Amino acid sequence: MKQENLCILVVGGGGREHALVWKLKASPRVSKIYAAPGNPGINKIAECVPIPVNEVKRLAQFAFENYVDLVVVGPEAPLSLGLSDILMRFGIPVFGPGKTAASIETSKVWAKQFMTRHQIPTADYTIFRCADSAKRYVQSHKGPMVIKADGLAAGKGVFIANTRDEAEHAVDAVSSLGCGAGIIVEDCLFGDEVSFLVITDGRHVLPLISSKDHKRAKDGDKGENTGGMGAIAPAPGFNKSLEDRILEDIIMPAITGLSAEGRRYVGVLYAGLMLTSEGPMVLEFNARFGDPETQAVLPMMKSDLVDALEAAVKGTCDSITLDWRDGACACVVAASPGYPGKPSIGKEISIDEEQAEKDGILVFHAGTRLERGNLVTAGGRVLNVVGVGESRENAVNHAYKGLSHINFEGMWARRDIGRIST
Ligand code: AMP
Ligand code: GLY
């Protein structure tokens with residue numbers, strides 16, 4: 001019999017966690033949701049607890065004292081700090097891998113070597129332990145080359161260098177972040193990018209629909225890299241045979257490889273892929289739901305998310321399947337002036353919630369906070385405006401219509417989310 005009246009703690013406070021809380025709230029099996037630290041949008045539908053995501057002992061203590069039945073970890077930082085390991089020691093079910101399994105995201109060097117050990121297709125690479133040897137190597141190679149830092153770098157640890165000099169500067173930039181276990185120099189891959197995520201119990205997988213985020217700041221995929229300016233699900237051009245190939249060549253070898261190496265993996269395995277002329281290749285793995293992909297994927301899920309998360313923690317992902325609605329979902333990020341540089345924040349936000357609801361638009365909060373009772377901007381990426389439709393075009397138009405229901409000084413967004421194929 002299914003457990004009812006569940007109490008769930010969602011760790012995190014961004015748009016991804018708002019979407020997770022929104023979806024969990026729709027489950028008839030859930031009676032209480034806490035979010036730590038949450039945000040003003042989440043606060044309307046769950047109880048926010050002011051514990052920062054990196055205070056893993058306090059989070060575990062809170063879950064223990066409040067009889068939490070399931071902890072869902074949003075961001076990578078608490079995974080890298082061992083939150084799941086502590087919760088497992090407390091006997092609290094947790095959706096999110098332990099620290100060593102999360103290395104698949106937290107150490108790019110480890111992840112590349114893991115892919116080699118398990119014949120998972122990825123760009124050819126060389127690892128350097130110091131900047132000098134990396135520089136000597138890039139000076140003797142032709143561009144384009146991709147230079148990557150080892151550890152978590154909040155999206156700032158990857159550089160595509162077209163010339164040897166650019167590559168040398170990239171090595172300097174990467175070493176200034178601290179080299180971790182080394183500097184990676186890899187071949188540059190070409191093709192369309194896709195995010196493919198599965199929920200896993202460590203043996204079986206439940207694939208989510210494909211998605212595509214838009215990382216660059218400017219229309220036409222130009223400008224600086226950002227945390228993501230929007231997403232579309234499913235990814236344009238994605239199909240069942242591609243999904244089968246990704247599962248067979250990439251996802252299952254990774255899941256069985258992790259298990260064979262004794263790294264118990266329960267949570268989301270996120271494969272960032274390049275669809276090259278030679279087939280899909282891994283750009284990176286993440287050990288968590290994507291942001292902003294999740295904001296576009298979850299509104300398409302017809303199944304109860306709690307059933308899927310529970311199957312993962314109980315090891316029964318082979319006993320259920322996930323249902324998805326037809327059509328598409330688009331998420332457009334409303335950003336602060338200055339982002340992706342230093343954003344100008346503290347601007348009052350207006351949201352016409354009545355109109356948004358009438359139009360069926362979802363607004364997930366990311367960088368917002370309450371100041372003397374007023375909702376103000378608190379980060380670079382402020383709100384995620386999400387629209388669902390029978391077609392991609394429909395969903396995109398819907399999301400952009402939703403954007404007209406919100407405003408703050410200097411607000412900007414990309415105008416081509418879901419409208420371009422690369
Ligand atoms: P990563 O954090 O490793 O996913 O890299 C961030 C972004 O850099 C990716 O989404 C790609 O757009 C780009 N990238 C990373 N590795 C490569 C590669 N080998 N070839 C081309 N682009 C890459
Ligand atoms: N959207 C990219 C990520 O979640 O890492």
Side-chain angles (χ1 to χ4, degrees), residues 1-3 6 8 20 29 69-74 76 79-80 82-107 110-122 195-210 240 242-273 280 282 284-290 293-294 297-298 301 303-324:
M1 217 178 67
K2 284 183 180 173
Q3 194 184 343
L6 291 167
I8 299 184
L20 281 164
R29 300 182 56 200
D69 297 300
L70 174 66
V71 178
V72 183
V73 187
E76 60 278 19
L79 297 174
S80 73
L83 173 59
S84 302
D85 308 272
I86 302 174
L87 288 164
M88 283 186 272
R89 280 203 293 279
F90 278 24
I92 300 170
V94 52
F95 184 81
K99 188 175 174 170
T100 55
S103 306
I104 200 155
E105 168 165 7
T106 58
S107 169
W110 189 85
K112 290 297 277 191
Q113 293 171 331
F114 171 80
M115 286 186 257
T116 304
R117 285 197 292 280
H118 299 281
Q119 288 99 44
I120 295 170
T122 188
S195 303
F196 188 78
L197 284 68
V198 298
I199 286 174
T200 179
D201 57 16
R203 284 199 302 149
H204 322 97
V205 300
L206 292 167
L208 306 185
I209 55 165
S210 64
K240 179 78 175 79
L242 189 53
E243 172 171 329
D244 289 345
R245 181 160 182 196
I246 292 168
L247 283 169
E248 189 176 324
D249 292 355
I250 292 169
I251 299 291
M252 289 321 295
I255 298 289
T256 26
L258 284 160
S259 165
E261 295 191 14
R263 297 186 183 220
R264 179 178 179 270
Y265 198 101
V266 171
V268 163
L269 181 66
Y270 164 143
L273 304 171
V282 178
E284 63 166 347
F285 280 118
N286 291 319
R288 52 170 174 82
F289 283 103
E293 289 96 326
T294 305
V297 166
L298 291 182
M301 188 190 270
S303 310
D304 189 333
L305 178 62
V306 175
D307 291 347
L309 303 185
E310 186 182 53
V313 298
K314 289 194 169 157
T316 56
C317 281
D318 53 337
S319 68
I320 64 167
T321 50
L322 296 178
D323 287 333
W324 301 92

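Owing to the predicted nature of the structure, the values given are computational and were not obtained by experimental measurement. Reckoned from all heavy atoms, side chains included, excluding hydrogens, waters and symmetry mates. Count residues from 1 along the sequence.
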What pair of heavy atoms forms the shortest contact from Leu247 to Pro253, and how long is it? O-CD, 3.9 Å

Using the salt bridge (charged side-chain N to carboxylate O under 4.0 Å, His left out) criterion, which residues pair with Arg117? Sequence neighbours excluded. Glu261

By the salt bridge (charged side-chain N to carboxylate O under 4.0 Å, His left out) test, which pairs, at least two apart or in different chains, include something from residues 245-254? Arg245-Asp249

Is the shortest distance from a Lys or Arg side-chain nitrogen in Lys2 or Glu310 to a carboxylate oxygen in the other one below 4.0 Å? no

Salt bridge Lys240-Asp244, side-chain N to carboxylate O under 4.0 Å: yes

Where does the angle between the aromatic ring planes of Trp110 and Phe114 fall among parallel (under 30°), tilted (30 to 60°) and perpendicular (over 60°)? parallel

Are Gln3 and Asp69 close enough that a side-chain donor and a side-chain acceptor fall under 3.5 Å? yes

Do Tyr270 and Glu105 have a side chain donor and acceptor closer than 3.5 Å? no

Is there a donor-acceptor contact under 3.5 Å linking the side chains of Thr122 and Lys112? yes

Any chance you could measure Leu269, atom CG, to Phe289, atom CZ, to the nearest 0.5 Å? 12.0 Å

Decide whether Ser103 and Arg263 meet the rule of one side-chain donor and one side-chain acceptor closer than 3.5 Å. yes

Closer than 4.0 angstrom, basic N to acidic O: yes or no for Arg203 and Asp318? no

